[in-house]
Amino acid sequence: MRLLAAQLLVLLVGALTAWAVAAAIGPPLFHEHLRRAGMSASPSQVGHAEEAFRSASAVTLTLALLAALAAALVVSAYVTSRVGRSVSAVAAAAGDVAGGHYDARVPQPGLGDEFDKLALSFNAMADRLETVEDTRRRLLADLAHEMRTPVATLDAYLEALEDGVATLDTTTTAVLRDQTRRLALLATDIRAVSRAEERELVRSAEAVAPADLVSAAAAGAADRYAAKGVVLGTRVASDAPGVRVDAERIGQVLGNLLDNALRHTPEGGTVTVRARRSGADLELSVADTGDGIAAEHLDHVFERFYRVDQARDRDHGGTGIGLAIAKALVDAHGGRIDVISPSDGQGAEFRVLLPPE
């Protein structure tokens, strides 16, 4: 309303100024033009002509100013209404976000770049807050689900120790340590996947050769593979393109994939890490000769805590978050990750595609 009142004030001042200027300057100019034209007339005739000029000017100027004022009022009212609705929409959406309703969005007002940028910025902020809130809720639900088993196991053993049913022997100590280790690993992994999904783990990128990524990942897993008796091989194509990535985080991706492959590959099996060109992208893959993944589970393997009897069984020792961390880190680099498995029992291949530098 203040904006509309200010516009009305400007219009009224403009109209009054035009009227005053016309009334003060018009008649003398008309009289001067009559004199220059050499028209001979009596003073009464000249006065009558000037009065006719003033009347005509008053009528035409009044009609013109009224028309202009009406048009200006309509336009001002329309623009003021549009601006008011836009600001009100932003205020209402901001109130919803403040109240925890992160799905609130502001429509494009169509009032110019400044208002469009405001709407886009607000919606981007709301998207970010909604993502963070969704992550928080999922993490709480996942933690409650995953902590139930180890906590219940610890509680049962401690109760048995208190009642004298069990003794603190080597077996009991091993179970207690295993469950506490599982809780510690769960806490570490859940923090990592949360930060990765919010893109806080990816630091400055640098140019990296694919051979360096493959060799570093293989070297980090070599001891674990040797201990289990699984053959770990590497292959790097000569035309594999370089990439600009956070080498530590891509190494973490490959490390998680290698750990996953090792858990599901029996002794005497083979796991191969490859780097090759796929179109313009770099493809990094980890293929194993292990359990494989049934077709109905392929679309879910990157979900946190998703497990199936063979592909992601708890007995294999994982927390169920490693592949989710890998996907979040690959997404943060602008890449994508997928998995293929011919059929259950014939191995699986995880492929990471990264844009070239």
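All residue numbers in this chain count up from 1 along the given sequence.
- The pair R105-D127 meets the salt-bridge criterion, with a side-chain N (NZ, NE, NH1 or NH2) lying under 4.0 Å from an Asp/Glu carboxylate O.
- By the side-chain contact (heavy atoms from CB on, under 4.5 Å) test, A217 is found to be paired with L254, L258, residues two or more places apart in sequence or in another chain being considered.
- In terms of heavy-atom proximity, G347 sits nearest to S341 at O-OG, 2.7 Å.
- L354 and G335 make their closest contact through CD2-CA, 4.4 Å (heavy atoms, listed as atom of the first residue, atom of the second, distance).
- Between I293 and I340 there is no side-chain heavy-atom pair separated by less than 4.5 Å.
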Kindly list each side-chain donor-acceptor pair under 3.5 angstrom involving residues 155-166, sequence neighbours excluded, with atom names and distances?
none

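- Annotation: side-chain hydrogen bond (donor to acceptor under 3.5 Å, both in side chains) contacts involving residues 270-283, sequence neighbours excluded, comprise R276-E283, R276-E349.
- Considering only heavy atoms from C-beta on, N256 stays 4.5 Å or farther from L323 through its side chain.
- Here the closest non-hydrogen pair linking L284 and A275 is CD2-CB, 3.7 Å.
- L129 is linked by a side-chain contact (heavy atoms from CB on, under 4.5 Å) to V97, Y102, M125, counting only residues two or more places apart in sequence or in another chain.
- In this structure, L353 and L282 have side chains that are not in contact, with every pair of non-hydrogen atoms separated by 4.5 Å or more.
- Partners of D239 under the side-chain hydrogen bond (donor to acceptor under 3.5 Å, both in side chains) rule, at least two apart in sequence or in another chain, do not exist in this structure.
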Would V273 and V236 satisfy side-chain contact (heavy atoms from CB on, under 4.5 Å), going step by step from the backbone distance to the final call?
CA-CA 8 Å; V273 187; V236 180; over 6 Å; no
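- Legend: residues meeting side-chain contact (heavy atoms from CB on, under 4.5 Å) with A67, ordered by chain and number and at least two apart, are absent.
- Taking the side-chain contact (heavy atoms from CB on, under 4.5 Å) definition, one finds that V13 meets it with L9, T17, sequence neighbours left out.
- The two residues G290 and D288 come nearest to each other via the heavy atoms N-OD1, 2.9 Å.
- Annotation: salt bridge (Lys or Arg N to Asp or Glu O under 4.0 Å) contacts of D338 (sequence neighbours excluded): R351.
- Between A280 and P356 the shortest heavy-atom distance is O-CG, 3.1 Å.
- Between L168 and T173, some side-chain heavy-atom pair lies under the 4.5 Å cut-off.
- The side-chain hydrogen bond (donor to acceptor under 3.5 Å, both in side chains) test applied to T153 returns no partner, not counting sequence neighbours.
- Of all the heavy atoms in A104 and A93, the pair that sits closest is CB-O, 3.9 Å.
- Looking at heavy atoms from C-beta onward, T172 lies in side-chain contact with D169 at the 4.5 angstrom threshold.
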Going by atom type alone, with no hydrogens or angles, which donor-acceptor pairs under 3.5 Å involve a side-chain atom of residues 226-234 and a protein atom two or more places apart or on another chain?
from: K228; atom 1: NZ; to: L262; atom 2: O; distance (Å): 2.6
from: K228; atom 1: NZ; to: T265; atom 2: O; distance (Å): 3.0

Identify each donor-acceptor pair in which a side-chain atom of residues 115-123 lies under 3.5 Å from a protein atom, sequence neighbours left out, and give them as a table.
from: D116; atom 1: OD1; to: G110; atom 2: N; distance (Å): 3.4
from: S121; atom 1: OG; to: K117; atom 2: O; distance (Å): 2.9
from: N123; atom 1: OD1; to: V106; atom 2: N; distance (Å): 2.7
from: N123; atom 1: ND2; to: V106; atom 2: O; distance (Å): 2.9
from: N123; atom 1: ND2; to: A119; atom 2: O; distance (Å): 3.3

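- One N or O on the side chain of H333 and one on the backbone of D246 form a donor-acceptor pair closer than 3.5 Å.
- For D259, the salt bridge (Lys or Arg N to Asp or Glu O under 4.0 Å) partners two or more places apart in sequence, or in a different chain, are R224.
- A heavy-atom distance below 4.5 Å is not found between the side chains of L329 and I250.
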